[in-house]
Amino acid sequence: QVQLVESGGGSVQAGGSLRLSCAASGFTYSRICIGWFRQTPGKEREGVAAIYTGGGSTYYADSVNGRFTLSQDNAKNTVSLQMNSLKPEDTAMYYCAATRFCILGTRREPRRESFGYWGQGTQVTVSS
């Protein structure tokens, strides 16, 4: 069975850091794309970043580029999103998702339509 389990959300002050993790299991392919998305009330999910586990290539939306960093731990089948210099506008529910290959939009963000497996989300709140 395919499962994505997220953890690491919480509440921090602006300028602080959080590390989100996504544990993946049950996939047929060992090399997949793990994406991170975020969503606030009344808005559609926004692509944040993605990593291709086959080679470690990473992709970041312009809004987070330079502040967020993706990494993978193959032994634990886990992908982590290190979020530094957090801003209030980063406040959202964060979701990890999986697909075979990373498909990006014109602004380098992962595309929702490409991901068929999703976690349940973890809340990130950044206060001023």
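- Rounding to the nearest 0.5 Å gives a distance of 11.0 Å between OH of Tyr60 and CZ of Arg108.
- Between Arg38 and Tyr94, the side chains place a donor N or O and an acceptor N or O closer than 3.5 Å (distance only, hydrogens not considered).
- For Glu113 and Arg111, the salt-bridge test passes: some basic side-chain N is under 4.0 Å from an acidic carboxylate O.
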Next item on the list: Decide side-chain contact (heavy atoms from CB on, under 4.5 Å) for Gln39 and Glu46; before the verdict, give the C-alpha distance in whole Å, the side-chain angles of both, and the deciding distance to 0.1 Å.
Entry: CA-CA 6 Å; Gln39 186 173 28; Glu46 171 191 23; over 6 Å; no
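- For the residue pair Ser17 and Asn84, a side-chain donor N or O sits within less than 3.5 Å of a side-chain acceptor on the partner.
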Notebook entry, point to check: Which is it for Leu4 and Gln120 under the side-chain contact (heavy atoms from CB on, under 4.5 Å) test, yes or no, and what are the steps along the way?
Noted result: CA-CA 8 Å; Leu4 296 172; Gln120 292 301 306; over 6 Å; no
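- Atom OG1 of Thr122 is separated from atom CG of Leu18 by 8.5 Å, given to the nearest 0.5 angstrom.
- With values rounded to the nearest 0.5 angstrom, Thr53 atom OG1 is found 12.0 Å from Asp73 atom CG.
- Residues Ala14 and Ser128 come closest through the heavy atom pair CB-CA, 4.3 Å.
- A 4.5 Å side-chain heavy-atom check between Tyr95 and Cys22 finds every atom pair outside the cut-off.
- The backbone N or O of Ser114 sits less than 3.5 Å from a side-chain atom of Thr99, completing a donor-acceptor pair.
- From Gln82, atom CD reaches atom CZ of Phe68 across 9.5 Å, with rounding to the nearest 0.5 Å.
- One hydrophobic cluster, built from ILVMFWY side chains closer than 4.5 Å, cannot hold both Phe115 and Trp36; they sit in different ones.
- Arg31 forms no cation-pi arrangement with Tyr52, by the criterion of a distance under 6.0 Å to the ring centre and an angle within 45° of the ring axis.
- Under the 4.5 Å side-chain contact rule for hydrophobic residues, Val64 and Leu81 share a cluster.
- Annotation: side chain of Arg112 is in contact with side chain of Glu44 (closest heavy-atom distance under 4.5 Å).
- Atom CD1 of Ile51 sits about 8.5 Å away from atom SG of Cys102, to the nearest 0.5 Å.
- In this structure, Glu89 places its CD atom where more than 12 heavy-atom neighbours from other residues, nucleotides or ligands lie under 6.0 Å away.
- Across all their heavy atoms, Asn74 and Gln72 have their closest contact at OD1-OE1, 3.5 Å.
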Next item on the list: In sequence, state the C-alpha distance, the side-chain angles, and the governing distance for Leu20 and Val124, and then conclude on side-chain contact (heavy atoms from CB on, under 4.5 Å).
Entry: CA-CA 9 Å; Leu20 306 183; Val124 171; 4.1 Å; yes
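- Residues Val79 and Leu70 are in side-chain contact: their nearest non-hydrogen atoms beyond the backbone lie under 4.5 Å apart.
- Considering only heavy atoms from C-beta on, Gln123 comes within 4.5 Å of Thr91 through its side chain.
- Both the sub-6.0 Å distance and the 45° axial angle are satisfied by Arg45 relative to the ring of Trp118.
- No side-chain heavy atom of Ser7 sits under 4.5 Å from any side-chain heavy atom of Arg19.
- Under a hydrophobic-cluster definition in which Ile, Leu, Val, Met, Phe, Trp and Tyr are linked whenever side-chain heavy atoms come within less than 4.5 Å, directly or via other members, Val2 and Ile32 are assigned to the same cluster.
- Closest approach of Glu109 to Ala61, counting heavy atoms only: CB-CB, 4.2 Å.
- Taking Tyr117 as the reference, Phe27 meet the ring-ring contact (aromatic ring centres under 6.0 Å, His included) condition, with sequence neighbours excluded.
- The line from OG of Ser21 to NZ of Lys76 is 8.5 Å long, rounded to the nearest 0.5 Å.
- If you chain together hydrophobic residues whose side chains sit under 4.5 Å apart, Phe37 and Ile34 never meet in one group.
- Of the possible polar contacts, one joining the Glu6 side chain to the Cys96 backbone as a donor-acceptor pair under 3.5 Å is found.
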